[in-house]
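These notes are about the structure you will find just below.
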Amino acid sequence: MKNQPTLTTDRLILRPFSFDDAPAVTELVGAYEIAYNTLMIPHPYEEGMSEEWISTHQPDFEAGKGVTFAIVQKDGLALAGAISLHINKLSERAEMGYWIGVPYWNKGICTEAAGAVLEYGFSKLQLNQIFATHFVRNSASGKVMQKIGMKYIACLPQWVKKWDEYLDLELYAILKDEFKK
């Protein structure tokens with residue numbers, strides 16, 4: 001069994017999720033604002049969904065399909081969110097995705113975690129490109145992407161459907177040789 005690494009930054013620990021995190025995940029992800037700003041998170045977020053989601057992480061990591069980190073504050077060890085890379089091995093690229101619990105918004109947590117995951121993706125996973133998208137209505141996510149050096153690529157009109165509404169996505173990407181620690 002391959003063990004997923006733990007990453008650290010000045011304020012954060014990025015570690016594998018455990019089933020002990022399930023209650024905090026359910027509470028944080030249960031907020032309407034999280035589901036509203038992410039494609040795959042439903043609302044309401046029901047009991048058992050956190051455990052089901054966490055159970056996919058280790059098999060995905062072992063298969064080289066992805067890596068998902070719990071974003072934990074060093075000060076108090078509170079779970080603040082999640083960040084992941086969904087890996088396309090053939091193309092040596094990955095899609096970054098993340099969510100941050102509402103109580104932790106506007107504190108630079110996502111930017112700090114995303115920078116660490118970029119470095120991990122390029123240095124340890126030997127990826128050539130990492131990209132991410134956000135709903136046009138979620139400009140805060142786009143600001144995170146800009147702060148970590150991702151470049152705006154395009155607006156993808158009506159690219160996804162969430163709650164019976166077609167939504168535009170903004171696409172950002174960064175290449176390995178563009179990344180600066």
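Here the structure is a predicted model, which is why all the values come from computation and not from measurement.
Of all the heavy atoms in Ala35 and Pro42, the pair that sits closest is CB-O, 3.8 Å. Nearest heavy-atom pair across Tyr172 and Gln146 is OH-NE2, 2.8 Å. Annotation for Ile174 and Ile148: closest pair CD1-O, 4.0 Å, computed over non-hydrogen atoms. Scanning all heavy atoms of the two residues, the minimum distance from Ile100 to Ile34 falls at O-CD1, 3.0 Å.
Tyr45 places no side-chain N or O within donor-acceptor distance of the main-chain N or O of Leu28, the cut-off being under 3.5 Å. With hydrogens and angles disregarded, a donor-acceptor distance shorter than 3.5 Å links the side chain of Ser50 to the backbone of Thr26. Distance alone, capped at 3.5 Å, is enough to place a donor-acceptor pair between the Glu112 side chain and the Arg11 backbone. Asp168 places a side-chain N or O within 3.5 Å of a backbone atom of Gln158 that can act as its donor or acceptor partner. Using a distance-only test at 3.5 Å, with no hydrogens or angles considered, a donor-acceptor pair links the side chain of Gln58 to the main chain of Lys2.
The aromatic rings of Trp53 and Trp99 sit tilted relative to each other, their planes meeting at an angle between 30° and 60°. By the 30° and 60° cut-offs, the orientation of the rings of Tyr120 relative to Phe69 is perpendicular.
Within the model, atoms NZ of Lys176 and OG of Ser123 stand 8.0 Å from one another, a figure rounded to the nearest 0.5 Å.
Residue pairs meeting the side chain to side chain donor-acceptor pair (under 3.5 Å) criterion with at least one member in residues 33-42: none, sequence neighbours excluded.
Annotation: Glu52, atom CD; neighbour count of heavy atoms from other residues, nucleotides and ligands within 6.0 Å does not exceed 12. In this structure, Lys162 places its NZ atom where more than 12 heavy-atom neighbours from other residues, nucleotides or ligands lie under 6.0 Å away. Counting non-hydrogen atoms of neighbouring residues, nucleotides and ligands closer than 6.0 angstrom, the CG atom of Asp177 exceeds 12 such neighbours. Environment of CD in Glu27: sparse, with no more than 12 heavy atoms of neighbouring residues, nucleotides or ligands closer than 6.0 Å. Within a 6.0 Å radius of NZ in Lys143, no more than 12 heavy atoms belonging to other residues, nucleotides or ligands are found.
Using a 4.0 Å cut-off between a side-chain N of Lys or Arg and a carboxylate O of Asp or Glu, Glu178 and Lys151 qualify as a salt bridge.
Taking the side chain as every heavy atom from C-beta outward, Ser18 and Ile54 never approach each other to under 4.5 Å.
Scanning for salt bridge (Lys or Arg N to Asp or Glu O under 4.0 Å) contacts around Arg93 gives an empty result, with sequence neighbours left out.
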